[in-house]
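Starting from 1, each residue takes its place in the sequence as its number.
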Amino acid sequence: MTREFFGPETVARPGKPLVIAIDGPSGSGKSSVSKEVARRLKLAYLDTGAMYRALTWYCLKTGLDLQDGAAVEQASKVMPLEISTSTATEYVAVDGTDITDEIRDPLISSSVSAVATTLGARTELIRRQRQLIDQHHHRMVVEGRDITTVVAPNAEVRMLLTASEEARLRRRGIQLGGTQSKEQLAAQVTQRDAKDSTVVNFTQAADGVVTLDSSDLDFEETVETALAIVSKVIYGD
């Protein structure tokens, strides 16, 4: 029903705001699902996690101590960041250097929580995220960890995409092409979640946020369920 309602690629609520905020833990599939939802509804797409990874890369590149909160906060304010909001192109650059692939490096993955838990840096990146939403006239799918509660609490649709730990570890392993050991995967998924949860709650849905548990769903089923949630929230279907 949802596929027929929206069509393979449908402009939803043309001319009106439509921000779809999606939060979730590591490995829940929120990036791939969010991007596909944005593509099908012809909305802009923002991976906020890539912004934190870019800042981590920038801090390491410039030799900053990630434990120096003041220095990390200042870096977040001066970082010359470019990030694609198109579902057709994945592109992240800092000061003209394409770091799209580099920000997925295990070193970045193991270091990003130190940046993400620096409150001053979070404040600046949240400001930038809201600015991007404004620039796209509030027609965007935004995914991360605090989108439904902090970045866009008034989004037209808010959902929490979650999955069992087993499913999340398996998916992250597949995403990384089997290049990581079990211990490395655990560090990237469960340990990072534990660190990040000290500053933001992304494991329990806030009031008005719809939970989508994808543990037993494949990619297409998860996308279809997400689209059904959008349809129900907006149109009451």
Side-chain angles (χ1 to χ4, degrees), residues 21-28 30-31 34 44-85 89-136 140 142-153 172 175-176 179-180 183-203:
I22 302 179
D23 286 330
S26 300
S28 61
K30 63 181 181 293
S31 293
S34 297
Y45 163 72
L46 179 61
D47 174 2
T48 63
M51 299 176 73
Y52 287 97
R53 287 173 174 271
L55 178 55
T56 303
W57 180 91
Y58 182 63
C59 289
L60 293 174
K61 188 71 173 179
T62 53
L64 292 183
D65 178 359
L66 299 185
Q67 303 306 315
D68 185 341
V72 172
E73 178 180 352
Q74 179 60 24
S76 72
K77 295 178 179 179
V78 300
M79 173 179 63
L81 174 68
E82 297 175 72
I83 185 167
S84 171
T85 54
T89 305
E90 185 177 358
Y91 177 73
V92 182
V94 171
D95 200 18
T97 299
D98 185 344
I99 59 171
T100 307
D101 294 329
E102 288 186 61
I103 62 173
R104 305 300 172 183
D105 187 87
L107 174 61
I108 302 298
S109 297
S110 63
S111 304
V112 66
S113 284
V115 168
T117 54
T118 300
L119 296 182
R122 288 196 77 88
T123 298
E124 170 58 19
L125 291 188
I126 288 168
R127 183 195 68 78
R128 293 192 187 210
Q129 290 155 19
R130 288 173 173 165
Q131 184 178 56
L132 285 169
I133 294 172
D134 287 342
Q135 289 173 356
H136 287 276
M140 176 180 274
V142 190
E143 57 98 346
R145 294 179 181 271
D146 59 355
I147 313 305
T148 65
T149 56
V150 178
V151 178
R172 182 52 59 88
Q175 180 185 27
L176 295 174
T179 60
Q180 306 296 299
E183 291 72 22
Q184 288 175 313
L185 286 174
Q188 289 194 33
V189 177
T190 57
Q191 293 177 30
R192 181 187 166 196
D193 285 349
K195 292 177 182 177
D196 288 2
S197 65
T198 62
V199 294
V200 63
N201 183 0
F202 51 86
T203 59

Go through the steps to decide whether Val150 and Arg130 satisfy the test side chain to side chain contact (heavy atoms under 4.5 Å, CB included), and finish with yes or no. CA-CA 10 Å; Val150 178; Arg130 288 173 173 165; 4.3 Å; yes

What closest approach, in Å, do Ala50 and Val92 show between heavy atoms, and which atom pair accounts for it? CB-CG2, 4.2 Å

Euclidean distance, Asp98 CG relative to Ile103 CD1, rounded to 0.5 Å: 9.5 Å

Working to the nearest 0.5 angstrom, can you tell me the gap between Thr118 OG1 and Gln67 CD? 7.5 Å

Taking C-beta and beyond as the side chain, do Pro80 and Val94 meet within less than 4.5 Å on heavy atoms? yes

Minimum heavy-atom distance between Tyr91 and Thr100, given as atom pair plus value: CA-OG1, 3.4 Å

Please report the closest heavy-atom contact between Ala44 and His136, naming both atoms and the distance. CB-ND1, 3.6 Å

Distance-only, no hydrogens or angles: does the Ser111 side chain make a donor-acceptor pair with backbone N or O of Ile108 under 3.5 Å? no

Measure from the side-chain N and O atoms of Ser84 to the backbone N and O of Thr89, and report whether any donor-acceptor pair falls under 3.5 Å. yes

Straight-line distance of Leu119 CG to Glu73 CD, nearest 0.5 Å: 9.0 Å

How far does CD of Gln135 sit from CZ of Arg128, to the nearest 0.5 angstrom? 11.5 Å

Straight-line distance of Leu125 CG to Thr48 OG1, nearest 0.5 Å: 9.0 Å

Just by distance, with hydrogens left out, do Glu143 and Ser31 show a side-chain donor and acceptor under 3.5 Å apart? yes

Do Gln129 and Val142 have side chains that get closer than 4.5 Å, going by heavy atoms? no

Taking every heavy atom of Ala75 against every heavy atom of Cys59, the minimum-distance pair comes out as CB-SG, 3.9 Å

Evaluate the side chain to side chain contact (heavy atoms under 4.5 Å, CB included) criterion for residues Glu102 and Lys61: first the C-alpha distance (whole Å), next the side-chain angles of each, then the deciding distance (0.1 Å), finally the verdict. CA-CA 11 Å; Glu102 288 186 61; Lys61 188 71 173 179; 5.9 Å; no

Quick one: do the Arg122 and Thr117 side chains pair a donor with an acceptor below 3.5 Å? no

Verify, without hydrogens or angle tests, whether Asp23 (side chain) and Asp146 (backbone) share a donor-acceptor contact under 3.5 angstrom. yes

Considering only heavy atoms from C-beta outward, does the side chain of Leu55 approach that of Leu81 to under 4.5 Å? no

Interatomic distance, Thr85 atom OG1 to Met140 atom CE [nearest 0.5 angstrom]: 5.0 Å

Please report the closest heavy-atom contact between Ala121 and Ser76, naming both atoms and the distance. CA-OG, 3.7 Å

Check the pair Ile147, Leu46 against side chain to side chain contact (heavy atoms under 4.5 Å, CB included), reporting the backbone distance first and the verdict last. CA-CA 11 Å; Ile147 313 305; Leu46 179 61; over 6 Å; no

Side chains of Leu66 and Leu60: does their closest heavy-atom pair fall under 4.5 Å? yes

Is the closest side-chain heavy-atom distance between Val151 and Ile133 below 4.5 Å? yes

After noting the C-alpha distance and the side-chain angles of Val78 and Tyr58, does the key distance pass the side chain to side chain contact (heavy atoms under 4.5 Å, CB included) rule? CA-CA 10 Å; Val78 300; Tyr58 182 63; 3.8 Å; yes

Please say whether more than 12 non-hydrogen atoms of neighbouring residues, nucleotides or ligands are located less than 6.0 Å from CG in Asp65. yes

Nearest heavy-atom contact between Thr56 and Tyr52 is OG1-O, 2.8 Å

Is there side-chain contact between Ser109 and Arg53, with at least one heavy-atom pair below 4.5 Å? yes

